[in-house]
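I have placed the structure first, in the form of structure tokens, so that the comments after it can refer back to it.
In this text the structure is predicted, and so the values were computed from the model without any measurement. Protein chains get the first letters and strands the later ones, always in sequence-line order, with residue 1 at the start of each. Computation of the quantities below employed the complete heavy-atom set of this structure, encompassing side-chain atoms and omitting hydrogens, waters and symmetry-equivalent molecules.
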2 protein chains.
Amino acid sequence: MDGPPPPSPRRRLEPEARREQILDAAVAHFAEVGLGGTTRDLARRAGVTQALVYQYFGSKAELTEAVFARVYLGRLEPGWPDAIRDRATPIEARLCAFYAEYTRAIFTYEWMRIFMWAGLTGEVLNRRYLDHVGERLLAPLREEIAASPGLMAPSMEDMWNLHGGIVYIGIRRFIYHLPTPEDPAPAIASAVRRFLAGLAAPA
Amino acid sequence: MDGPPPPSPRRRLEPEARREQILDAAVAHFAEVGLGGTTRDLARRAGVTQALVYQYFGSKAELTEAVFARVYLGRLEPGWPDAIRDRATPIEARLCAFYAEYTRAIFTYEWMRIFMWAGLTGEVLNRRYLDHVGERLLAPLREEIAASPGLMAPSMEDMWNLHGGIVYIGIRRFIYHLPTPEDPAPAIASAVRRFLAGLAAPA
DNA sequence: CCACTTGTTGATCAATTGATCAGCGGCGGG
DNA sequence: CCCGCCGCTGATCAATTGATCAACAAGTGG
């Protein structure tokens, strides 16, 4: 016999590891079925009993908050605004690089779907997140474009149009389950190039 | 006394009118809280008892189907493909006119939200609808653009990018409750003009 | 090998919710 | 004016679900 199997399905775990395991399952579960998913299905997914969920999270609301924290926190890199303003790099390269990073951060099954569900249910975090995107990312990008020679200044609505066209790739893939290019970079590059070409001064 | 008030809150209604009233409330209710909304809240909203809902709809699934039928049917105008191919009109005007019509059809609180909720829950109707959009609307639009002198042929991914950028206006407004221009026409015109300018042959 | 700590479980409660049904009562016909 | 049809309601059932708790047992120190 193999004696005690240490890395195999051990029953007792250290609280921290167990909590992490449940939280992981919660993120996956709520991303799939929505924030209205039951704690029983979640527990089954995590391989524990439903009662144990309440050992680590006092209520479903508390669990939901932990899921939000796990999904939202640390997605927006603090270095982005600086990279956006780095005029040593051409504006087109800056836009492509930013959206490559941005989509790498948010184009995941969990993030896209939980964000959309939270949006539909009117979560305040979504408003805050999107306000941040508009003011800290799109507005600076707009200024940089406006400061680029030979380009007309786009409106914020134009910026949201660029943003939406790119984000829609993730919506198609993770919300609607439509086929999309595996690597969004070419589509992003194409969209950015078109966007800037459309802003080229007609003279 | 005003005698018998005929158009006032009558109790007994003809079955057809009552069914319509409940269905209207169902569309509004499910758009707001999602397809998981309770029949009791729905009944309260319609001003009837919960039992009456089951007089007109055998089950909640049946009610949901009726909601889908009400929301989806008749949105896609059969005349659009023809208008798209009307080469007597300049391509830019055709694109603007199409998206003016298209957004006029789908930019409603009910349509946008029910469509998004159905997308998250994996409703088959969404796939069918979006396949239809791609094959019957975007593909012809792409062909028309490709056939326009001085323009490079966009890829289907480019077409989805144009589409997504415009649809995102409705997502911002009805899903995320962000402020958007009341009339999307100028933003659409701007996006279409940029899109085509970006496709202008570089020579 | 025993005993204590504590991570874990099965059982259970109360509230919610989809669905049913017997009976009330508005309203038109006679 | 009253009778009967049928639209409508209140009560109720069974299943689901968030939350709780006493008790079990895995691991550890003595």
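Across the protein-nucleic acid pair, A:Glu14 atom CD and D:dA26 atom P stand 18 Å apart, rounded to whole Å. As rounded to whole Å, 15 Å separates atom C1' of D:dA25 from atom CG of A:Leu13. In this structure, A:Phe57 atom CZ and C:dT8 atom P are separated by 13 Å, rounded to whole Å. Between the P atom of C:dG7 and the CZ atom of A:Arg19 lies a distance of 14 Å, rounded to the nearest Å. Taking atom CG of residue A:Leu52 and atom P of nucleotide D:dC21, one finds them 16 Å apart after rounding to whole Å.
Side-chain nitrogen and oxygen atoms of B:Tyr56 include none within less than 4.0 Å of the OP1 or OP2 phosphate oxygen of D:dG7.
Judged by distance alone, the side chain of A:Arg173 and the main-chain N or O of A:Pro181 form a donor-acceptor pair under 3.5 Å. One N or O on the side chain of A:Arg75 and one on the backbone of A:Ala105 form a donor-acceptor pair closer than 3.5 Å.
Other residues, nucleotides and ligands place more than 12 heavy atoms under 6.0 Å from the CD atom of A:Glu101.
Counted by atom type alone, B:Asn161 and A:Ser190 present zero donor-acceptor pairs between their side chains at under 3.5 Å.
Ring pair A:Tyr99/A:His163 is tilted by interplanar angle, where 30° to 60° counts as tilted.
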request  = Spell out protein contact along nucleotides 14-26 of chain C as letters: B when the base is contacted, S when just the sugar-phosphate is, - when no protein heavy atom is under 4.0 Å; keep the 5' to 3' order.
outcome  = ---BBBBB---BB
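If you look at A:Trp117 and A:Phe174, their ring centroids are not closer than 6.0 Å.
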